[in-house]
**Student:** 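I am attaching a structure below and will ask some questions about it afterwards.
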Amino acid sequence: MAKFTTLTSHAVPLPDENVDTDQIIPARFLKVTDKDGLGDSLFCDWRYLKDGSDNPAFVLNEAASQGAQILIAGNNFGSGSSREHAPWALVGWGFRAIISTGFADIFKSNSLKNGLLPVEVTADVYQALMDAVQSDRSTKIAIDLATQSVTGLDGLEATFPIDTFSKHCLLEGIDQLGYLLSFDGQISSYEQQRT
Amino acid sequence: MTVCNMSIEAGARAGMIAPDATTFEYLKGRERVPQGADWDAAVERWRQLCTDEGATFDKTVVIDANKLEPMITYGTNPGMGMQIGEPMPTVESFDDASQQAAFEKAMAYMGLEPGQPLLGKKVDVVFIGSCTNSRIGDLRMAAGVFSGRKVADGVRTLVVPGSHDIKKQAESEGLDQIFKEAGAEWREPGCSMCIAMNGDNLEPGQYAVSTSNRNFEGRQGKGGRTFLASPLTAAAAAITGEVTDPRSLLLS
């Protein structure tokens with residue numbers, strides 16, 4: 001898992017509320033056993049037309065969205081099914097952070113374990129960032145995990161909450177298992193005492 | 001269990017109800033459940049799993065089930081629900097601009113007219129299944145509606161038991177025969193049309209009454225339109241071919 005320290009990127013605006021995981025990655029893609037490769041299917045049913053070509057009306061297909069690492073989305077993002085494939089697909093497309101006023105709890109937990117930072121901000125901050133991004137798609141947003149701050153180029157600055165364990169893991173680029181393995185020396189010496 | 005399951009749709013990590021005598025009676029003697037003295041100890045322990053005296057809650061909701069009509073959803077998330085006899089809301093029913101936008105998007109996806117009733121809406125598929133609503137009690141209720149009746153012409157009706165145990169139990173009670181004689185498909189346990197698995201999916205534009213837990217866009221198949229409802233309401237829709245208040249069939 002890649003470390004998350006700071007991120008500065010333009011953003012994709014998706015103001016819809018209650019975007020559920022069936023939209024993020026429909027169930028028919030859940031048969032994979034590998035985290036990689038789901039980026040092409042992210043938002044599949046909104047993103048592609050019946051003939052499989054790109055839907056030009058969907059924001060992810062706009063030229064201005066390409067290369068973005070931040071998604072700014074309406075409240076209660078990631079509701080519905082608990083599938084871990086949702087953050088896999090978002091990370092697969094290239095997102096590293098999502099800004100919203102609220103996340104579904106299980107989605108948030110899954111994201112934190114997959115290097116995808118949920119940035120929860122107040123309604124005022126969300127609206128200011130959304131307005132800035134929508135009026136100028138090249139607007140850069142900066143996120144600093146160590147200081148838990150998000151900054152817009154117009155001087156807007158806000159902080160966001162994150163639990164200390166998830167923050168530590170993201171900064172180090174490890175998941176829970178990686179955290180345990182960092183105690184490998186102590187685990188081995190304990191096991192030797194038992195044999 | 002349906003309430004526990006659906007708590008997640010309201011944003012909860014889990015929904016819990018203190019176990020009572022009905023729960024213990026259900027568990028007693030089952031496989032993988034403590035037996036003998038262990039059983040008594042387990043029940044004693046489980047009795048502690050209730051709300052502490054003086055516990056405080058962020059929000060308390062009181063629902064009098066006796067005063068509820070059968071419920072059904074009209075939109076594209078489980079919160080977009082209403083009593084079955086009501087007309088659907090209109091955009092003016094919502095104060096918040098984002099809720100209004102979500103409502104209009106849902107109506108467009110569902111191909112429905114705001115303010116109109118859902119009763120009488122033709123359906124293409126009825127799905128009685130899923131972990132939410134396919135216990136033996138659900139199947140018994142549904143079988144009560146199917147008994148002596150036939151599924152409406154052109155309505156594909158799937159009955160998918162919640163587990164292998166439930167399938168065996170239902171077959172021992174002859175419920176499978178009632179479903180099959182009525183013209184419904186009696187299937188192996190599994191996710192099936194809850195999540196458009198194993199080829200069980202809606203075609204674009206089709207309407208389904210489904211006892212599963214989610215009515216998101218495309219959940220039961222790309223372009224498919226889902227009305228979530230109870231097993232009784234789903235069974236009634238299978239018989240009439242349209243959204244129906246099941247009480248009209250129970251009383252007749």
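By convention in this document, chain letters (A, B, ...) are assigned in the order of the sequence lines, proteins followed by strands, and residues within each chain are numbered from 1. As a basis for the values below, the full set of heavy atoms in this structure was taken, side chains included, without hydrogen atoms, waters or symmetry mates.
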**Student:** Flag yes if more than 12 heavy atoms outside B/M16 fall under 6.0 Å of its CE atom; otherwise flag no.
**Tutor:** no
**Student:** Walk me through it: do A/E191 and A/I187 pass the test side chain to side chain contact (heavy atoms under 4.5 Å, CB included)?
**Tutor:** CA-CA 6 Å; A/E191 283 179 345; A/I187 295 168; 4.0 Å; yes
**Student:** Against A/I141, only a single residue in A/V133, A/L7, A/L156 fulfils side-chain contact (heavy atoms from CB on, under 4.5 Å); can you say which?
**Tutor:**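 That would be A/V133.
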**Student:** Any side-chain to backbone donor/acceptor pair from A/D144 onto A/A146? Under 3.5 Å, distance only.
**Tutor:** yes
**Student:** Let me confirm one number: the CG-CG distance from A/L60 to A/L14, rounded to the nearest 0.5 Å.
**Tutor:**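 The CG atom of A/L60 sits 8.5 Å away from the CG atom of A/L14.
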**Student:** Could you have a look at A/A27, A/P26, A/G80, A/A104 and say which one has the most heavy-atom pairs with chain B under 4.5 angstrom?
**Tutor:** A/G80
**Student:** Can you list the donor-acceptor atom pairs spanning chain A and chain B that come in under 3.5 angstrom?
**Tutor:**
residue	atom	partner	partner atom	Å
A/D16	OD2	B/K105	NZ	2.9
A/E17	OE1	B/S98	OG	3.1
A/E17	OE2	B/S98	OG	3.0
A/D22	OD2	B/R219	NH1	2.8
A/Q23	NE2	B/E217	O	2.9
A/W46	NE1	B/E217	OE1	2.9
A/G80	O	B/R214	NH2	3.4
A/D105	OD2	B/R13	NE	3.0
A/D105	OD2	B/R13	NH2	2.9

**Student:** Stepwise, does the side chain to side chain donor-acceptor pair (under 3.5 Å) test hold for A/S9 with A/R96?
**Tutor:** CA-CA 10 Å; A/S9 169; A/R96 294 300 315 276; over 6 Å; no
